[in-house]
Amino acid sequence: MFKTTSLSAFIVVAAAAATFAFPTLAADDLPKLKVTSAAGSVTYDRDQLEKMGMVSIKTTTPWNEGVIDFEGVPLEKLLKEAGASGETATVTALNDYSVDIPTSDFYEFGTILAIKRNGEYMPVDDQGPFFVMYPFDSNPVLQGQPYHGRAVWQVKEISVE
């Protein structure tokens, strides 16, 4: 009797812990990205962004330890999907920090909107849900400013003009 009760209690506690540790997100709870341009405004959730096709950049950054594998949508592809064209993309973070990025960076350097870091979705409190990422290690030009300042995390909106 004692073993059955202990086992049952363990299962209940483990199930509750798993529920809180890995909550299931409803479609409305998924992080969203808004892309605006002269063509209009489009909002994408994380699943829609992933379906555009993900690529990987393995690089070091000034903000993380070691080589990190970032996965995300090429920004060149995202702008095409959104019908957004222009020379400057203003990227805005959740805290309203924003930076202007020449869209030529997206084509020249293969800049991505990272969704995953080392195979895991990035939480909002740790540079997520979306992070503009350059392949810093692939080109010495990218190792410093202005490119580090253009690597915006907690991205919520991209406006192209």
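Note that these values count all heavy atoms, side chains included, but never hydrogens, waters or copies made by symmetry.
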Which residues share a salt bridge (Lys or Arg N to Asp or Glu O under 4.0 Å) with Asp125, sequence neighbours left out: none
CD1 on Ile68 to OG on Ser56, rounded to 0.5 Å: 11.5 Å
From Leu113 atom CG to Phe106 atom CZ, the distance as rounded to the nearest 0.5 Å: 9.0 Å
Close side-chain approach of Val124 and Leu94, heavy atoms under 4.5 Å: yes
Separation between CD of Glu157 and OG1 of Thr36, rounded to the nearest 0.5 Å: 5.0 Å
Geometric cation-pi criterion, Arg46 with Tyr121: 6.0 Å, 45°: yes
From Leu142 atom CG to Thr111 atom OG1, the distance as rounded to the nearest 0.5 Å: 7.5 Å
Heavy-atom pair of closest approach, residues Tyr107 and Thr103: CD1-O, 3.0 Å
Phe109 side, atom CZ; Arg150 side, atom CZ - distance, nearest 0.5 Å: 8.0 Å
Counting only pairs under 3.5 Å, give me each side-chain donor-acceptor contact of residues 74-88, with atom names and distances, residues two or more places apart or in other chains.
residue: Lys77; atom: NZ; partner: Met52; partner atom: O; Å: 2.4

Chi angles and distances behind the side-chain contact (heavy atoms from CB on, under 4.5 Å) call for Tyr44, Val73: CA-CA 12 Å; Tyr44 298 101; Val73 179; over 6 Å; no
Over all atoms of both residues, closest heavy-atom pair of Ile57 and Gly110: CD1-O, 3.7 Å
Ring geometry between Phe131 and Trp153 (parallel below 30°, tilted from 30 to 60°, perpendicular above 60°): perpendicular
Asp96/Lys156 salt bridge by N-O under 4.0 Å criterion: yes
Single-linkage hydrophobic cluster, 4.5 Å side-chain cutoff, Leu30 and Met122 together: no
Polar side-chain atom of Glu71 near backbone of Met54 as donor-acceptor pair, under 3.5 Å: no
same_hphob_cluster(Met133, Val67) at 4.5 Å side-chain heavy-atom cutoff: no
Heavy-atom side-chain contact between Glu161 and Ser37 under 4.5 Å: no
Sub-4.5 Å side-chain heavy-atom contact between Val155 and Thr92: no
Inter-residue atom distance Ile158.CD1 - Ile101.CD1, 0.5 Å rounding: 7.5 Å
Minimum heavy-atom distance between Asp47 and Asp45, given as atom pair plus value: N-OD1, 3.0 Å
Backbone of Phe136 reached by a side-chain donor or acceptor of Thr59 within 3.5 Å: yes
Working for salt bridge (Lys or Arg N to Asp or Glu O under 4.0 Å), residues Asp69 and Arg117: CA-CA 6 Å; Asp69 183 12; Arg117 181 180 51 225; over 6 Å; no
Heavy atoms of other groups near Lys116 NZ, more than 12 under 6.0 Å: yes
Shortest non-hydrogen separation from Ser41 to Lys34 and the atoms involved: OG-CE, 3.1 Å
Aromatic centroids of Tyr134 and His148 separated by under 6.0 Å: no
Verdict with reasoning, Val55 to Ile112, per side-chain contact (heavy atoms from CB on, under 4.5 Å): CA-CA 8 Å; Val55 298; Ile112 68 170; 3.5 Å; yes
Backbone of Val91 reached by a side-chain donor or acceptor of Ser98 within 3.5 Å: no
